[in-house]
Amino acid sequence: MSVLEDRYRTVLRLLPASYRAAWEQEMVSTFRDSTRTGDAEYDEFQDDFGRPKVAEVVSVAVLAARLRLTTPAAAATRAVCADALRVVALVVLLVNAVALPAAIVQYWWLTAGMPLPEATERALEAHPVADPGANIDVLGVLWVAAFLFLLAGQYRVGKLLAVIALAPSVAVVLAMTVKGSDGPPSEVLTRWGDLLVYAAMVVTVAAFLPTHPAPRRRPWLVALVLVVAVSPVVGVVPLFQPIDGPWLDWPGLLCLAWIAVALVPRIHRSLPAAAAVILLGLPVIGLRLVWLAYYVALLAESESDGRLLITVAVAETLAVTAIEVVLLVRIIRRFPPSVGSQRDPTERPQPFDQHDVVPAPIPAVTEHTAPIELTARPKRNRYAIPLTALLAGAYIPGTEQAQLMPATAPPESLIGFDAAGDGDGD
Amino acid sequence: MGGGVGTEQGFFVLTALADRPRHGYGIVQEVAEISGGRVRLKVGTLYGVLERLVRDGLVELDREEVHSGRLRRYYRLTDDGRVALQEDIARQQANADLATQRLGLWRPAVRGTA
């Protein structure tokens, strides 16, 4: 095999394996014929040093894209991904929806004289909070509205409300960027990273296309109720973090909740649910890394003792990433294969009918609790809703606010609950 | 039987196979010749078109040969392929006739008239 031919075979690896099995040998033969000029010396030189021309590479790349995107199997894969994105969108809205009740509970806890750790009470006495209710963002109710409109099938309104609900967080980060931050220099960058992760998640509402039927309302309404029920815990837990030695921030709580969900085997029996878990793992890792980088920068800029928090954060990052990779490998094997012509063109009769080797077209999922099943288990996942609620609850960014600050830090950093859900604490 | 001729490239591939079976590179050469050098198929493009035509039942395998130690597959038109090509020729002919007729109706604008 010549170098040129070897290089062309490398290009052909862009094609689906099943397609290559049927066509590669012939394509290489045709390619080699097309490179012959009749000049033996030149052809030999080409064999030893030549490379496929850009136009040839592009033609293979275009073919590969078409085969992977337009085949029935690819359509089935897209349907699964779209279902997973809709699940992700609803979970993200639930996550943000819980911020408001959590902030209210936190406010009540602080103002009603409820018990607090001794160190926290001393810090509050030393630095009284001017306005304990400042963290309550009433616009947080828009997340609930967006969630309910999507459930009602009013997709355009739901999407619009989701974007509007995100706007205050964008405004806060923009203002911080323009005016500068009172905190360390890396804070603005961290806020942007945090915001971008949330914005990317909110964009998933775009998966609700007009042609898609509304999801089944009852299980998601139950999930909403459960999430709201969890919110008091989420609002109060940050207040009990050791002020002089925190080890669990909100991305960490999120990591733990995600791991708890990801390790439940039943969830992975439904392909869209499994895909949704994987998709949700990405922002979990993203937020974890954003805030880990912030803590590392903070540690370098000050004498704060955040080593425990950083160590735990690194462990969380590694754990979530490892599980994510394992789940990704497993789910790739479960997806229907991308095909061009699965069969060798020499097969007869009907050697080119690929439709019989592809799973039957999968209908759009209209009920996320009874999603597409490519494996044989039609039963509903009884743990999905409470675990989703747990995962959603863990999204609440209630403890991250400058926890590396020393014990004399301003109380705002202790109670800096982020009602907007963007981690900005405003 | 799936779609028709489809693209211009599909039309030329079918046309290249209309008179006799050809292998991949033979199709590339023939298409370049009959199109006056205007259509030069890249290998990836050719096999994208060929795969679709085969899948749609317009083209089928004629025979396999080993040439200089390499596989050559020869393809030929099926009956459906001939019908599809004839239909596409008729469609293009009708389009050409229509355009010619419209051009014959053209009159230069006269100054001062609406």
Side-chain angles (χ1 to χ4, degrees), chain A residues 1-2 5 8-9 11-12 14-16 18-20 22-36 43 52-72 339-358, chain B residues 1-3 6-7 9-10 12-13 16-17 21-33 37-81 84:
Chain A
M1 186 189 301
S2 69
E5 184 178 324
Y8 188 67
R9 286 185 188 276
V11 174
L12 292 183
L14 290 170
L15 300 167
S18 55
Y19 186 92
R20 272 189 289 132
W23 297 90
E24 180 176 1
Q25 198 178 355
E26 191 182 346
M27 291 180 75
V28 170
S29 177
T30 301
F31 170 72
R32 195 171 182 281
D33 286 343
S34 70
T35 61
R36 302 295 90 176
D43 289 346
K53 292 180 179 175
V54 173
E56 290 287 0
V57 175
V58 169
S59 74
V60 173
V62 170
L63 175 61
R66 183 175 70 78
L67 291 172
R68 292 181 187 280
L69 295 176
T70 62
T71 60
V339 290
S341 286
Q342 290 259 345
R343 291 178 171 176
D344 191 298
T346 58
E347 290 181 23
R348 295 177 182 176
Q350 298 182 344
F352 305 107
D353 183 4
Q354 62 176 320
H355 299 287
D356 57 341
V357 296
V358 174
Chain B
M1 176 73 185
T7 61
Q9 293 155 340
F12 276 115
V13 170
L17 295 174
R22 296 179 194 278
H23 57 77
Y25 184 55
I27 297 173
V28 172
Q29 289 178 304
E30 185 67 10
V31 167
E33 186 175 332
R38 190 169 56 83
V39 178
R40 295 186 178 276
L41 294 173
K42 301 303 174 192
V43 179
T45 308
L46 167 68
Y47 282 93
V49 173
L50 208 50
E51 183 265 341
R52 182 179 61 78
L53 295 175
V54 164
R55 176 160 41 86
D56 290 346
L58 306 184
V59 167
E60 64 185 359
L61 185 69
D62 182 74
R63 65 183 188 278
E64 289 183 342
E65 290 181 0
V66 177
H67 178 78
S68 300
R70 295 179 182 281
L71 173 70
R72 274 185 175 174
R73 287 186 180 134
Y74 286 75
Y75 295 91
R76 66 179 177 225
L77 279 190
T78 63
D79 292 341
D80 286 341

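Just so it is clear: chains get the letters A, B, ... in the order the sequence lines come, proteins before strands, and each one is counted from 1.
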Shortest non-hydrogen separation from [X] to [Y] and the atoms involved:
X       : Y       : answer
B/Gly44 : A/Ser59 : N-OG, 3.1 Å
B/Tyr47 : A/Tyr19 : O-OH, 3.1 Å
B/Arg72 : A/Ser29 : CG-OG, 4.3 Å

Original post:
Does any N or O in the side chain of B/Arg73 come within less than 3.5 Å of the main-chain N or O of A/Glu26, such that one atom is a donor and the other an acceptor?
Top reply: no
Subject >> Donor-acceptor under 3.5 Å (A/Glu56 side chain, B/Val43 main chain) >> reply: yes
**OP:** Carefully, step by step, assess B/Arg70 and A/Asp33 under the rule salt bridge (Lys or Arg N to Asp or Glu O under 4.0 Å).
**Re:** CA-CA 10 Å; B/Arg70 295 179 182 281; A/Asp33 286 343; over 6 Å; no
Subject >> Non-neighbouring partners of B/Tyr74 that pass ring-ring contact (aromatic ring centres under 6.0 Å, His included), sequence neighbours left out >> reply: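 ring-ring contact (aromatic ring centres under 6.0 Å, His included) list for B/Tyr74, sorted by chain: B/His23.
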Original post:
Under the criterion side-chain contact (heavy atoms from CB on, under 4.5 Å), which of B/Leu41, B/Ile27, B/Leu46, B/Leu50 is the partner of A/Thr30?
Top reply: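 The passing option is B/Leu46.
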**OP:** Answer yes or no: are there more than 12 heavy-atom neighbours, outside A/Gln25 itself, under 6.0 Å from its atom CD?
**Re:**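 No, not enclosed.
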Original post:
Does atom CZ of B/Arg40 have more than 12 heavy-atom neighbours from other groups under 6.0 Å away?
Top reply: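 Count not over threshold, so no.
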Subject >> From CE (A/Met27) to CD (B/Glu51), nearest 0.5 Å >> reply: 10.5 Å
